[in-house]
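What follows is a set of notes on a single structure, which appears directly below.
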Amino acid sequence: MKLSTPHLLGIKDLLPQDIRLILDTAKQFKEVLQRPIKKVPSLRDVTIVNLFFENSTRTRISFELAERRLSADVLNFTTSASSVSKGETMLDTVNNILSMKVDMVVLRHSASGAPHFLAKHISSAIVNAGDGTNEHPTQALLDAYSIEEATGSLQGKKIAIVGDIMHSRVALSNIHLLTKMGAEVTVAGPPTLIPKFLTEAFGVNVTYNLKEALQWCDVANVLRIQLERQNQPLFSSLREYNIAYGISRKLLDSLQKDIIIMHPGPINRGVELDSDVANGHESIILQQVENGVAVRMAVLYLLAGQ
Ligand code: NCD
């Protein structure tokens, strides 16, 4: 079985069978990761560069670990320590690296569309590790994997995506993935953080009432307020946001049903999630991080085989 695409630029371009193939392959890699010897030779002699033009903790470490578990040769690049700060363009930077015979590029960039631009100019396989406010496909894949692991399937599941929908690449990738795989999606948050066209364009429900969304859903995927992407105030204060849209223990208990709580990290404790919810029995946040390595191994393995 092969993917229908040579790159992973976004979930938008994937077919449902591509998503299924990645999730099934990830399951095999997760089994490998439970063994005493966690390393497989699948990507021996494949060289991968992690190009991070934007800050990251989880995603960068997760990709690097996935690459090393597959026995790839790994190069790391971060903007602050590179010639980008001397004025070099992204394309020049990448072409210079590729001329040293690099096979795959994992790219994070603050500009939406940066990996799509690169894909037009270079022949190596590209994995989008987050582009601006556009997509973060491996995050949506690991979220989907974690939902399946916790609930059995995606088909027919009710997923609420809560918070800063407008600036979140995690939200867009999740919406594409969940709707392609037969889940129902409701987005919830303040009107200023939810784009107006979502229902018509993507077939998702919109509500500005957090409790209504939580009452409806099986799983709530809670997003960080992306203050670094908001160049004007879109709500009055973080404290007020927490009162209207933060998830507290009291709110969860008032639902009188069990829901699963997810978050892509980094969490702003006390803003979108209270600490006792983030650490509570409903939370699968650390399972998401664990599954991220297996999912990224699957993506890299399948793309290398193209
Ligand atoms: C997200 C990101 O950078 O897009 N984090 C992540 O990759 N796990 C979400 C965020 O920054 O809020």
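In each ligand, atom 1 is the first atom listed, and ligand 1 is the first ligand listed.
A donor-acceptor pair shorter than 3.5 Å can be found between the side chains of Glu212 and Thr207. Judged purely by distance below 3.5 Å, without hydrogens or angles, the side chains of Glu272 and His263 pair a donor atom with an acceptor atom.
Gly265 O, 2.9 Å is the protein heavy atom nearest to atom 5 (N) of ligand 1. Considering only non-hydrogen protein atoms, atom 8 (N) of ligand 1 sits nearest to Pro264 O, 2.9 Å. Atom 11 (O) of ligand 1 has as its closest protein heavy atom Arg224 NH2, 2.9 Å. Nearest to atom 4 (O) of ligand 1 among the protein's heavy atoms is Arg169 NE, 2.6 Å.
Between Glu148 and Arg20 there is a salt bridge, with a side-chain nitrogen of the basic residue lying less than 4.0 Å from a carboxylate oxygen of the acidic one. By the 4.0 Å N-to-carboxylate-O rule, Arg229 lies close enough to Glu54 to be salt-bridged with it. Ion pair Arg35/Glu31 not flagged as a salt bridge, since none of the NZ, NE, NH1 or NH2 atoms sits closer than 4.0 Å to an Asp/Glu carboxylate oxygen.
Residue-ligand proximity, His136 to ligand 1, at heavy-atom distances under 4.0 Å covers atoms 2 (C), 4 (O), 6 (C), 7 (O). Residue-ligand proximity, Arg108 to ligand 1, at heavy-atom distances under 4.0 Å covers atoms 2 (C), 3 (O), 7 (O). Ligand 1 places these atoms under 4.0 Å from at least one heavy atom of Thr59: 6 (C), 7 (O), 8 (N). Against a heavy-atom cut-off of under 4.0 Å, Pro266 is close to the following atoms of ligand 1: 10 (C), 11 (O).
Within the structure, ligand 1 lacks Gly130 among the residues with a heavy atom less than 4.0 angstrom away.
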Step-by-step salt bridge (charged side-chain N to carboxylate O under 4.0 Å, His left out) determination, Lys27 to Glu149: CA-CA 9 Å; Lys27 200 163 180 192; Glu149 189 177 62; over 6 Å; no
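Here the two rings, on His176 and Phe202, have centers that are under 6.0 Å apart.
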